[in-house]
Amino acid sequence: MQDSFGREINYLRISITDLCNLRCQYCMPASGICKSEHENILSFEDFYTITKAFSELGVNKVRITGGEPLVKRDIIDFIKNINKLENIDEITMTTNGILLEEYAEDLKNAGLDRVNISLDTLDPKKYSEITRGGDLDKVLKGIKKMEELNLTPIKINAVLIDGFNIDEIRDLVELTRFRKIDVRFIELMPIGEVLNLKDKNTISGDIVLEKVKELEPTKRDDPSSPAIYYKLPGAKGKVGIIKPVTCKFCKDCNRIRLTSKGFLKLCLHSNEEIDLKPHLDNYEELKEFLIKTILKKPEEHHLEDGDFVSKSMSTIGG
Ligand code: SAM
Ligand code: SF4
């Protein structure tokens with residue numbers, strides 16, 4: 001499936017819920033995610049119908065995200081079902097890892113290929129502070145479990161937060177030395193809850209290279225990946241830098257996002273959301289609508305222009 005700029009669109013990210021068992025300061029308000037809104041969330045049956053339609057049009061990679069995807073009952077059956085779709089080659093998930101130890105085996109058996117785990121600090125107190133109450137130990141046990149099950153490489157996503165974890169860059173990089181763990185540092189995007197933070201400056205991803213001088217560049221094997229990868233000499237894992245703010249990777253963008261409420265987002269940083277719900281009753285019509293809609297994917301985003309009404313990542317699916 002090609003968009004009007006010739007980009008092959010093969011990657012669907014599905015936010016299956018906007019609820020979460022944590023409250024990261026840069027992502028969610030301390031309270032007030034309302035249950036009634038949650039009633040408008042698509043059913044797994046609808047998520048499946050849309051995924052199937054996209055898979056028949058050329059999507060072969062699916063990432064399940066949220067909110068926190070593991071808080072949804074029936075997630076395992078959903079993965080099993082999409083794993084049976086002929087054209088789907090890869091199913092991955094982005095999770096905060098809190099429930100991972102408990103679900104890891106079932107996720108593997110259902111057909112999940114890999115996980116990205118969000119972890120901004122290795123200090124239990126700081127973890128509890130940034131997530132407003134999260135237990136670091138649970139995440140670390142989840143990571144261990146994934147290693148035992150060989151669901152590797154595990155990707156750890158750490159958002160670079162001014163005044164919070166810049167002093168931990170070296171420690172996070174060290175996780176890659178002896179384990180099949182890739183650590184990816186992500187620039188904090190000035191959207192949603194970030195606008196209410198005291199330290200909301202985006203720290204450039206380049207700081208990782210300044211802090212860890214011995215990182216060496218690696219060959220780029222996936223041009224559509226927003227991460228530029230480096231390695232400690234002889235390390236098992238890689239270190240990625242993702243710069244959504246100081247760099248643009250729109251030219252190689254292969255992804256589209258489905259929100260939990262059934263809207264298609266063709267670009268993370270665009271206000272436009274296309275409602276797929278009216279097209280769910282007629283499968284062939286849905287497919288035709290998707291083919292037409294994909295042509296509206298913008299050439300690039302204009303995050304810097306300030307006309308973008310930003311929502312938190314928990315509602316879009318990070
Ligand atoms: N709950 C899951 C998790 O935390 O991995 C999945 C959803 S979460 C919205 C996905 C990712 O978005 C997380 O890695 C989180 O750190 C990241 N994120 C949220 N808000 C962000 C922001 N303003 N800038 C950069 N990354 C952000
Ligand atoms: Fe929840 Fe993930 Fe947002 Fe943290 S980043 S509040 S874990 S959705």
Side-chain angles (χ1 to χ4, degrees), residues 13-33 38 41 62-72 75 92-100 103 107 112 114-121 126-136 138-139 142-143 146 154-162 164-165 168 172 182-205 226-227 240-247 249 255 257-260 265 268-269 301 303 308-318:
R13 297 168 76 108
I14 311 174
S15 172
I16 60 167
T17 177
D18 47 16
L19 296 181
C20 186
N21 48 358
L22 296 180
R23 286 270 175 285
C24 299
Q25 293 190 26
Y26 52 82
C27 180
M28 280 210 182
S31 59
I33 299 289
H38 186 57
I41 300 275
V62 174
R63 173 170 297 278
I64 301 165
T65 177
E68 173 50 38
L70 292 179
V71 301
K72 278 276 286 225
I75 177 71
T92 56
M93 176 183 281
T94 304
T95 169
N96 59 34
I98 292 285
L99 296 169
L100 201 50
Y103 278 94
L107 289 169
L112 191 80
R114 273 184 301 102
V115 283
N116 287 15
I117 300 168
S118 305
L119 184 58
D120 303 324
T121 170
K126 282 166 76 181
Y127 184 78
S128 174
E129 181 198 333
I130 196 79
T131 60
R132 298 195 181 98
D135 180 353
L136 176 66
K138 288 192 175 157
V139 185
I143 295 173
M146 296 311 270
I154 295 161
K155 291 187 181 170
I156 289 183
N157 290 344
V159 178
L160 292 164
I161 308 165
D162 196 9
F164 178 74
N165 63 358
E168 285 194 73
L172 287 158
D182 294 344
V183 174
R184 297 150 21 117
F185 293 95
I186 305 174
E187 289 175 349
L188 182 70
M189 289 181 263
I191 59 173
E193 281 306 304
V194 174
L195 307 175
N196 302 323
L197 287 184
K198 183 166 63 73
D199 289 316
K200 54 187 165 217
N201 299 331
T202 296
I203 301 286
S204 163
I241 302 181
I242 303 182
K243 304 204 273 187
V245 182
T246 62
C247 272
F249 20 75
R255 59 197 63 191
R257 293 177 155 83
L258 176 62
T259 72
S260 54
K265 270 190 96 75
L268 175 61
H269 297 306
H301 69 70
L303 187 58
F308 168 56
V309 183
S310 69
K311 287 185 170 177
S312 270
M313 288 292 269
S314 60
T315 61
I316 309 167

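Just so it is clear, the values below take in all heavy atoms, side chains as well, and ignore hydrogens, waters and symmetry mates. Atoms within each ligand, like the ligands themselves, are counted from 1 in listed order. When a residue number appears, it is its place in the shown sequence, counting from 1. Just so we're clear, the structure is a prediction, and the values are computed from it rather than from any experiment.
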**Prompt:** Quick check: does Y26 get an N/O under 3.5 Å from an N/O on ligand 1?
**Reply:** yes
**Message:** Can you list everything that forms a side-chain hydrogen bond (donor to acceptor under 3.5 Å, both in side chains) with R132? Sequence neighbours excluded, please.
**Reply:** none
**Asked** Which residue, I156, T94, T95, forms the side chain to side chain contact (heavy atoms under 4.5 Å, CB included) with N116?
**Response** T94
**Prompt:** Near G67, which atoms of ligand 1 are under 4.0 Å from a heavy atom of that residue?
**Reply:** 1 (N), 2 (C), 6 (C), 7 (C)
**Request:** Would you check if there is a donor-acceptor pair between the side chains of T121 and E168 at a distance under 3.5 Å?
**Result:** yes
**Request:** Examine the proximity of ligand 1 to V159 and report which part, side chain or backbone, both or neither, has a heavy atom under 4.0 Å away.
**Result:** side chain
**Message:** Does any N or O of ligand 1 fall below 3.5 Å from an N or O anywhere on T65, backbone included?
**Reply:** no
**Message:** Considering M189, R13, R63 one by one, which has a heavy atom nearer to atom 22 (C) of ligand 1 than any of the others?
**Reply:** M189
**Asked** With N157, which residues qualify under side-chain hydrogen bond (donor to acceptor under 3.5 Å, both in side chains), at least two apart?
**Response** R184
**Asked** Hey, which protein N/O/S atoms does atom 4 (Fe) of ligand 2 have under 2.8 Å?
**Response** C24 SG
**Asked** Can you check whether P69 has an N/O within less than 3.5 Å of an N/O in ligand 1?
**Response** no
**Any N/O pair T95/ligand 1 closer than 3.5 Å** = yes
**Asked** If you draw a 6.0 Å radius around NZ in K126, do more than 12 non-hydrogen atoms from other residues or ligands fall strictly inside?
**Response** yes
**Request:** Look only at interatomic distance and state if V194 has a nitrogen or oxygen under 3.5 Å from any nitrogen or oxygen of ligand 1.
**Result:** no
**Item:** G67 neighbourhood, listing ligand 2 atoms whose heavy-atom distance to it stays under 4.0 Å
**Value:** 8 (S)
**Request:** Say whether E187 and ligand 1 are in contact under the criterion: heavy-atom distance to a ligand atom below 4.0 Å.
**Result:** yes
**Asked** Any idea which of S118, G192, P244, G134 brings a heavy atom closest to atom 5 (O) of ligand 1?
**Response** S118
**Message:** If the condition is salt bridge (Lys or Arg N to Asp or Glu O under 4.0 Å), which residues does E68 pass it with, not counting sequence neighbours?
**Reply:** none
